[in-house]
Amino acid sequence: MKKDTIYPSYVQKVKQEAESLLQILESSNIMARLLSNMILKGIGGYPVANSAKIISGSSYHNGMKYFSTVPNDPDTHEDFRPTSKLENQGLSLKDIVELDVKDNPVMIYMKGVPDFPQCGFSSLAVRVLRHYNVPISARNILEDPEIKNAVKGFSSWPTFPQIFIKGEFIGGSDIILTMHQNGELKEKLKDIATSVEKSE
């Protein structure tokens, strides 16, 4: 007797899930690359697996500061909802964006987080900024459409990623890349990189 005939619905379901996973992996070169990195490095050595220090809506992973917002999801039981939501801090979304930009020398609003960008433009911006070894603070705009709209309103710029350096809106990945290529970015980040070196 064939194994397929013993549990045909179960085997069929597993096959369908495997085929679905393969389609997703094939359509996402980034995902496949990250998964293979996880396998090669081992889960424990992968930065996302390291423990993070959570501080009122932000977390630190390998020296990088990430911000997290969790939309009010009615399907999540209140026992499992985060206790430190941004809306509970009495700040408007505009105030949050202003504080992000003011308090972080390099702030990027992006799709995903620096260790796991979820679009090519965000990935490019992070790679260029990492070249200068400066601390990058990031907020994932995919987590909350309201923060995404607040950032658009704050900068008057329609696309993402959006990069702010020392409180000044710079632009997106194309502008950062151009500044990197012509030396402007090195000059703009010089004192940030210097202060990081002094603190170490």
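Throughout, residue positions are numbered sequentially from 1 according to the sequence presented.
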Is it true that [X] and [Y] make a salt bridge, defined as a side-chain N closer than 4.0 Å to a carboxylate O?
X	Y	value
Arg139	Asp144	no
Lys102	Asp95	no
Lys94	Glu98	yes

Nearest-0.5 Å distance that lies between atom [atom1] in [X] and atom [atom2] in [Y]:
X	Y	atom1	atom2	answer
Asp174	Met179	CG	CE	11.5 Å
Asn182	Glu187	CG	CD	11.5 Å
Cys119	Leu124	SG	CG	9.5 Å
Ile96	Glu146	CD1	CD	10.0 Å
Gln118	Ile141	CD	CD1	10.0 Å
Leu189	His131	CG	NE2	10.5 Å

For this session: Mark yes when over 12 heavy atoms from residues, nucleotides or ligands other than Gln181 sit less than 6.0 Å from its CD; otherwise mark no.
Result: yes

Exercise. Are there more than 12 heavy atoms of other residues, nucleotides or ligands under 6.0 Å from atom NZ of Lys111?
Worked result: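 Open: at most 12 neighbouring heavy atoms sit under 6.0 Å from NZ of Lys111.
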
Closest heavy-atom pair and its distance - [X], [Y]:
X	Y	result
Leu129	Val106	CD1-CG1, 4.0 Å
Ala125	Ile108	CB-CD1, 3.8 Å
Pro158	Lys152	O-CE, 3.2 Å

Would you say the side chain of [Y] lies within less than 4.5 Å of the side chain of [X], judging by non-hydrogen atoms?
X	Y	result
Ser123	Met110	no
Ile163	Phe169	no
Ile165	Ile192	yes

Exercise. Which of these, Leu142, Val97, Asn140, sits in a side-chain contact (heavy atoms from CB on, under 4.5 Å) with Ile147?
Worked result: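 Answer to the side-chain contact (heavy atoms from CB on, under 4.5 Å) test with Ile147 among Leu142, Val97, Asn140: Val97.
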
Problem set entry | Gln162 side chain vs Trp157 backbone, donor-acceptor pair below 3.5 Å |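 Present.
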
Problem set entry | Ser155 side chain vs Val151 backbone, donor-acceptor pair below 3.5 Å | yes

Exercise. Can Asp100 and Tyr109 be counted as having a side-chain donor-acceptor contact under 3.5 angstrom?
Worked result: yes

Problem set entry | Same apolar cluster (I L V M F W Y, side chains within < 4.5 Å links), Ile175/Phe121 | no

Exercise. Angle class for the Tyr132/His180 ring planes (parallel below 30°, perpendicular above 60°, tilted otherwise)?
Worked result: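 Answer is perpendicular, since the angle exceeds 60°.
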
